[in-house]
Q: 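Here's a structure for you.
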Amino acid sequence: ALGAAAAIHEAVRAAGAGAPFGLGDVAVSVRTREGRFEGGRLPPLPGGRFDLVVLGQVLSELDTTLEPEARASRHADILRALLADVVDEGGSLVVVEPALRERARHLHAVRDRLVLGEAPPILFAPCLHASFCPVLLAEGDWCHEDRGVDLPPWLVPLARAAGLRFQGLTFSYLVLRRRGPTLRELVAARISVPGERVHLRVVSDRMPSKGKVELFACTESGARVRLRRLDRDTAEANAAFDELGRGDVVTLAGAPEPDGARSPFDERGRLGQHAGVLVHAARRPQRS
């Protein structure tokens, strides 16, 4: 494992080699600064506040000897301090952690302490709600992304040597903001279809079986639901259900009825034949 100074050196060297990253003649300038958290706060940074601050696998390395609850509370305090001290009024703080169960669940616990505490920040993504994280109710559950991104050929041997996946990227993340709309509000503003609507985020892969396709989703109300569409209910309106993947943000629209709106799915999570499936997330490239 590289020490902090060596890791920074390697990052600067890699950024300077723009061609392997497909940057061609683009000049890349990197400035580094080393600092320590003191009382959960960073020392003043040159340039004041920033539009974008990214913490890449930082929380996983901090306070590893603390009890889980105390550790989650401390890390929530650190993120609050970063938002207050380093992020610009209209900027974003992006927290990226590994997709491993314990590390992802720790991030979920930090999230809950942020959004359920006093003066909560804006949770922009990935969640469509600011309620308790439902996956924490079951010890074996956790939420993560799985993006089908093929690494460039020059990087594949390095990933193999490190024992890492090279067919895609898996991670857990949060995007926090000081102000502005939430992801759910932006999604809702785009939709003008009649009938009952439910906004949700897919939190599993599709699970096809005989006569049906199922998946888990987290709704805008904070509920975790198991949705299913029977093969015999396949129709043009819900055809996109066959293409849904982990991380997709979706609006399900129920067909309007003369005596009121029809829900897009019933109490058992079964989609109706006339339910509309509208996907908002960008399509992921197919893996080769």
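Quantities reported herein were computed from a predicted structural model and do not represent experimental measurements. Sequential numbering from 1 along the given sequence is applied to the chain's residues.
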Q: So does Ala109 get a backbone contact from the side chain of Asp112, meaning a donor-acceptor N/O pair under 3.5 Å?
A: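 Looks like no, no N/O pair under 3.5 Å.
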Q: Does His280 reach the side chain of Leu183, with side-chain heavy atoms less than 4.5 Å apart?
A: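 Of all side-chain heavy-atom pairs linking Leu183 with His280, none is under 4.5 Å.
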Q: Rounded to the nearest 0.5 Å, what separation is found between the CG atom of Asp88 and the CZ atom of Arg177?
A: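 Reported value, rounded in 0.5 Å steps: 10.0 Å.
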Q: Side chains of Thr251 and His199: donor-acceptor distance under 3.5 Å anywhere?
A: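 The answer is yes; a qualifying pair exists.
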Q: Could you tell me which non-hydrogen atom of Pro181 sits nearest to which non-hydrogen atom of Leu186, and how far apart they are?
A: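 Heavy atoms of Pro181 and Leu186 come nearest at CG-CD2, 3.8 Å.
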Q: Search all heavy atoms of Ser131 against all heavy atoms of Val115 and return the closest pair with its distance.
A: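 Where Ser131 meets Val115 most closely, the heavy atoms are O-CG2, 4.5 Å.
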Q: Hey, does Cys127 have a side-chain heavy atom less than 4.5 Å from the side chain of Cys218?
A: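 Cys218 vs Cys127: side chains apart.
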Q: Salt bridge check: are Arg101 and Glu139 linked by an N-O gap of less than 4.0 Å?
A: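 So Arg101 does not pair with Glu139 through a salt bridge.
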Q: Does the Glu97 side chain pair with the main chain of Ser60, one donor and one acceptor, at a distance under 3.5 Å?
A: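 Pair found, side chain donor or acceptor close to backbone of Ser60.
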Q: Are Phe216 and Phe241 joined in one hydrophobic group, where the rule is that I, L, V, M, F, W and Y side chains link up if heavy atoms are under 4.5 Å apart?
A: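 Different hydrophobic clusters.
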Q: Should His106 and His75 count as side-chain neighbours, where that means a heavy-atom distance under 4.5 Å?
A: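 Of all side-chain heavy-atom pairs linking His75 with His106, at least one is under 4.5 Å.
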Q: Examine distances only and state if a side-chain atom of Ser73 and a backbone atom of Ala70 form a donor-acceptor pair shorter than 3.5 Å.
A: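 Answer holds: no.
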Q: Which heavy-atom pair separates Asn238 from Gly272 by the least distance, and what is that distance?
A: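 Closest approach of Asn238 to Gly272, heavy atoms only: ND2-O, 3.7 Å.
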Q: For side-chain contact (heavy atoms from CB on, under 4.5 Å), just list the numbers for Leu252 and Val277, CA-CA rounded to whole Å, side-chain angles, deciding distance to a tenth of an Å, and then say yes or no.
A: CA-CA 5 Å; Leu252 300 182; Val277 179; 3.8 Å; yes
Q: Any salt bridge (Lys or Arg N to Asp or Glu O under 4.0 Å) involving residues 57-66? Give me the pairs, sequence neighbours left out, ordered by first then second residue.
A: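 Qualifying pairs: Glu61-Arg103, Asp63-Arg74.
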Q: Side-chain contact, heavy-atom cut-off 4.5 Å: Val95 with Val110?
A: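 No - every pair of side-chain heavy atoms lies 4.5 Å or more apart.
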Q: Check whether more than 12 heavy atoms from other residues, nucleotides or ligands sit under 6.0 Å from atom CD of Glu102, and answer yes or no.
A: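 For Glu102, atom CD is crowded (more than 12 foreign heavy atoms under 6.0 Å).
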Q: Between CZ of Arg232 and CG of Leu230, what distance do you get to the nearest 0.5 Å?
A: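 Atom-to-atom, Arg232:CZ and Leu230:CG are 5.0 Å apart.
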Q: Spell out, yes or no, whether Leu107 and Phe132 are grouped together once hydrophobic residues are joined by side-chain heavy atoms under 4.5 Å, including indirect joins.
A: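 Same hydrophobic cluster.
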Q: How close do Val175 and Ser92 get, counting heavy atoms only, and between which atoms?
A: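 Looks like CG1-CB, 4.1 Å.
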Q: Counting N and O atoms only, with roles assigned by atom type, does the side chain of Arg228 sit under 3.5 Å from a partner on the main chain of Val213, one being a donor and the other an acceptor?
A: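 Not confirmed, Arg228 side chain does not pair with Val213 backbone.
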Q: In sequence, state the C-alpha distance, the side-chain angles, and the governing distance for Leu176 and Leu82, and then conclude on side-chain contact (heavy atoms from CB on, under 4.5 Å).
A: CA-CA 10 Å; Leu176 304 170; Leu82 285 172; over 6 Å; no
Q: Counting only N and O atoms by type, is there a donor-acceptor contact under 3.5 Å from the side chain of Asp248 to the main-chain atoms of Val279?
A: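 Side chain of Asp248 to backbone of Val279, a donor-acceptor pair under 3.5 Å: no, none is there.
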Q: Nearest 0.5 Å, please: how far is CG in Asp242 from CZ in Arg206?
A: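 Answer for the CZ-CG pair, Arg206 versus Asp242, is 7.0 Å.
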Q: According to a hydrophobic-cluster definition based on side-chain heavy atoms being under 4.5 Å apart (Ile, Leu, Val, Met, Phe, Trp, Tyr only), do Leu66 and Leu59 belong together?
A: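 Different hydrophobic clusters.
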Q: Quick check for you: to the nearest 0.5 Å, what is the distance between Thr65 atom OG1 and Arg71 atom CZ?
A: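 Nearest 0.5 Å value for the OG1-CZ distance: 9.0 Å.
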Q: Given side-chain contact (heavy atoms from CB on, under 4.5 Å), test Val135 with Val203 step by step and report yes or no.
A: CA-CA 10 Å; Val135 302; Val203 294; 5.9 Å; no
Q: Can you hop from Ile122 to Leu128 via hydrophobic side chains spaced under 4.5 Å?
A: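 No: no chain of side-chain contacts under 4.5 Å links Ile122 to Leu128.
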Q: Is there a side-chain contact (heavy atoms from CB on, under 4.5 Å) between Leu79 and Leu83 once you walk through the steps?
A: CA-CA 6 Å; Leu79 297 186; Leu83 275 171; 5.7 Å; no
Q: Kindly assign one of parallel, tilted or perpendicular to the pair Trp142 and His144, based on the angle between their ring planes and the thresholds 30° and 60°.
A: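 Geometry flag for His144 against Trp142: parallel rings.
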Q: So, taking the atom named SG in Cys143 and the one named CZ in Arg111, what distance separates them when rounded to the nearest 0.5 Å?
A: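 Between atom SG of Cys143 and atom CZ of Arg111 there are 9.5 Å.
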Q: Could you check whether any side-chain heavy atom of Leu114 comes within less than 4.5 Å of a side-chain heavy atom of Leu123, counting everything from C-beta outward?
A: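 Side chain of Leu114 against side chain of Leu123, heavy atoms only: no contact under 4.5 Å found.
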Q: Please report the shortest heavy-atom distance between Ser172 and Pro98, naming the atom on each side.
A: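 That closest heavy-atom pairing would be OG-O, 3.8 Å.
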Q: Treating Gln273 as the side-chain partner and Ala235 as the backbone partner, does any N or O pair qualify as donor plus acceptor under 3.5 Å?
A: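 Checked: no pair found.
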Q: Looking at every heavy atom in both Ala138 and Arg105, which two are closest together, and how far apart are they?
A: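 Taking every non-hydrogen atom into account, O-NH1, 2.8 Å.
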Q: Rounded at 0.5 Å granularity, tell me how far CG in Leu174 sits from CZ in Phe124.
A: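 Atom-to-atom, Leu174:CG and Phe124:CZ are 13.0 Å apart.
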Q: Would you say Leu93 ends up clustered with Leu62 if hydrophobic residues are merged whenever their side chains have heavy atoms under 4.5 Å apart, either directly or through other cluster members?
A: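 Linked, Leu62 and Leu93 end up in one cluster.
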Q: Keeping to residues at least two apart or across chains, list the salt bridge (Lys or Arg N to Asp or Glu O under 4.0 Å) pairs with something in residues 178-190.
A: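 As it turns out, the salt bridge (Lys or Arg N to Asp or Glu O under 4.0 Å) pairs with a partner in residues 178-190, which skip direct neighbours, are Glu89-Arg178, Glu89-Arg179, Arg184-Glu220.
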